[in-house]
**Student:** 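Pasting a structure here, questions to come.
Values reported hereafter were calculated over all heavy atoms of this structure, with side chains retained and with hydrogens, waters and symmetry mates removed. Just so you know, ligand 1 is whichever comes first in the structure, and atom 1 is the first atom listed for that ligand.
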Amino acid sequence: MESQGKNNGSPLITRRVEASTLFLATTPPTEPSGGGEPELAVRLRCHVTKYIRAGRGRGQRQVYVYRGSGAEASLVAAVPRDVLVDEDSVRDVMRLLLRAIWPLRDLDLTDDEWEAILPEDVVPQLADLARGLDEGSRSAAVVELAVDRHIRYSAPRVLMTACRGAPPATEGKDDGCSICLEVLHEEAAAAGKGVPVELPGCAHAFHRRCISKWFRKKPTCPLCRGNVTKHLDPELCSCSLN
Ligand SMILES: [Zn+2]
Ligand SMILES: [Zn+2]
């Protein structure tokens, strides 16, 4: 499952969610013990890992940031006899379980991504087990899943999206661009260097081209060292670009 944040037709941020079944264990149905609804207990364990990778910009080092967490949720589903044979109902149970797991909710998945992490190979096996249940018998299944979410982004370009056009210079005052040491606002100086832009937070201004080159090396303001990543999506802030 891949989705992209777009700007000028090329991706700034790519997102990919992958899921795999690590483990499926089922216990055979118990002997029926005097009636009652047959019961299938499904327990799901989930390992969630997030990867954030800054890449794609020229001259950038590739940095992986890894955050892992494991969590477990379980739900005992007592499945009525008439729906036991139905794989859709097993799928519904799995969806319920997945949505009850907090590290997965923390990933902020889209509907498509939720569907993509539903372990398809597990559904028919659970349905088979459910079909084998007699009145009053019980069975249990443990499903272990690994979900990896990868985010990859072009650091300088993402940082540039946090900057906005600098207001025009006031009469007779132009502090200049502290990267190239030339005046900021005068037409001649701006030619070839792009319009002046202002950084989020500190509002220090630089030529667009100068600050964009700078961002390939550092995500901070050249003047005050304010961290520009703090003004991005919180998920990207955790990246170390040094
Ligand atoms: Zn400059
Ligand atoms: Zn600054």
**Student:** Looking at W114, does the NZ or CZ of R99 lie under 6.0 angstrom from its six-membered ring centre and within 45 degrees of the ring axis?
**Tutor:** yes
**Student:** Vertex the Zn ion (ligand 1): angle to SG of C177 and SG of C180, to 10°?
**Tutor:** 110°
**Student:** At the Zn ion (ligand 2), what is the angle formed between atom SG of C224 and atom ND1 of H204, rounded to the nearest 10°?
**Tutor:** 110°
**Student:** Which residue is it: T220, V158, L159? I am looking for the one with a side-chain contact (heavy atoms from CB on, under 4.5 Å) to F215.
**Tutor:** L159
**Student:** Are the side chains of L107 and E113 in touch, meaning some heavy atoms are under 4.5 Å apart?
**Tutor:** no
**Student:** Find out if a path of hydrophobic residues (ILVMFWY) with successive side-chain heavy-atom gaps under 4.5 Å connects L223 to I179.
**Tutor:** yes
**Student:** Name whichever N, O or S atom of H207 ends up nearest to the Zn ion (ligand 1).
**Tutor:** ND1
